[in-house]
Protein chains: 2
Amino acid sequence: MTMFDLASGPRLSKSEDTRRRIVLGAAAVLVEKGYAATRLSDIAATVGMQAGSLYYHFDSKDDLVEEVLGFGVRYTHDYVRKAVEALPSDRTPGEVLFEAVAAFLEALLAIGDLSPAHLRTFHQVPLEMQERLRPPRREFGRYLDELISAAITSGEVRSDIDTDVLRLFIINSLERVVDWPQPLRERKGNSAVKMMRTLILDAIRAPR
Amino acid sequence: MTMFDLASGPRLSKSEDTRRRIVLGAAAVLVEKGYAATRLSDIAATVGMQAGSLYYHFDSKDDLVEEVLGFGVRYTHDYVRKAVEALPSDRTPGEVLFEAVAAFLEALLAIGDLSPAHLRTFHQVPLEMQERLRPPRREFGRYLDELISAAITSGEVRSDIDTDVLRLFIINSLERVVDWPQPLRERKGNSAVKMMRTLILDAIRAPR
DNA sequence: GTCTATATGTGGATAGAC
DNA sequence: GTCTATCCACATATAGAC
């Protein structure tokens, strides 16, 4: 797994680079202050420019926020798919699912403020924007559903609870780990990823 | 378990009654529009009054919001404690914990919009307000920690994962159930409470 | 207790210089 | 591309009538 590095990454044009710095700065301010109290001047300050200058890169505050929210979704979903595709072909459906779970949390933690910014801001933005952001989320949900269904069929995951419920349980549990206090993410030598994978595995696997 | 009934409940004075109606209306608007887009005029409209009239009951928008957030916390915590106290004395620590888990989710679901309003709004309000709201949350966390620790000592709950992590896992998982689409809360004759209790139980219990 | 009317402040957005 | 200056809409909050 390659570490997420927003600063470098694939070489960006100068313009794309500032655009990305603005997005990351916006995420940081959103997490610290919340959507309502986030002023364009705050965001501009973190990037070292004036509020008005942001309009060269984005049409509006919400346009910028939409980029923040969409970026995290695209990254995490791509990350999970690639992690799954990179698995040896002899993995069972259950093993694939548990790798996907771990990869999803890895990705959430790797993108820093973008994760909590998404979690906290989604329900604050206009409904039309929420609607635009839903399709990719749904698509990822369907992808997870396939992994879950396959693991149920193979007998590795419990069949007494609905697939939709299992999916929400998994996603909801993982999404909120990004809000854990930092010291909690490493306990007794266990990482948050290891601990959550263990808990979810034991929760959803078929009784032996 | 008595059903939460905000309309009736212990007889309220006329003034306390409107105050409560305002709080509930505010919660509904907060969930629908998010904190930033919630205008006092929206809240007033749901209660059937004018925006200015709210200031007879509350000092400011944030004063009202603080009441919304605090109300849910007090109710759910009281509910869990009472449910636990009402248990027969022969229950094992593990059984007590699992009843507490179920009761917590019952309470979250019973108070309607107050739950998602709290979940979504908490990080949007001024930090000073967040600080004022934290102590009761911490207190409840410590209470849960006691239940968890006792169940670990009795050998019913796993000891390979930190108590703090177990607590956050439980609370985080349950808190987001209030965002599930309504039809998902009843599947195959299982209620959300039953399903979540099962999942959490299997996740955290000691391996046999 | 609730209404109407108004003062006030703030922050998103725009225009044009550099 | 970024800055400065300014416009303008809007929602909180206040004052006083009823």
Is the shortest side-chain N to carboxylate O distance from [X] to [Y] below 4.0 Å?
X      : Y      : answer
B:R19  : B:E16  : no
A:R167 : A:D164 : yes
A:R132 : A:E66  : yes
A:R205 : B:D202 : no

Worksheet item: Within less than 4.0 Å of OP1 or OP2 of C:dG1, is there a side-chain N or O belonging to B:S15?
Response: yes

Item to complete: Only one of A:L24, A:D17, A:V23 passes side chain to side chain contact (heavy atoms under 4.5 Å, CB included) with A:R21; say which it is.
Response: A:D17

Worksheet entry | nucleotides 11-18 of chain D: protein proximity per nucleotide (B base, S sugar-phosphate only, - neither; heavy atom, under 4.0 Å) | SSBB----

What is the distance, rounded to the nearest whole Å, between atom [atom1] of [X] and atom [atom2] of [N]?
X     : N      : atom1 : atom2 : result
A:L64 : C:dA13 : CG    : P     : 10 Å
A:D17 : D:dT2  : CG    : C1'   : 16 Å
B:Q50 : C:dC3  : CD    : C1'   : 7 Å
A:Y56 : C:dA13 : OH    : P     : 19 Å
A:I43 : C:dA13 : CD1   : P     : 11 Å
B:R21 : C:dT2  : CZ    : C1'   : 12 Å
B:M49 : C:dT4  : CE    : C1'   : 15 Å

Worksheet item: Which residue pairs satisfy the side chain to side chain donor-acceptor pair (under 3.5 Å) criterion with at least one member in residues 27-39 of chain A, sequence neighbours excluded?
Response: A:Y35-A:D62

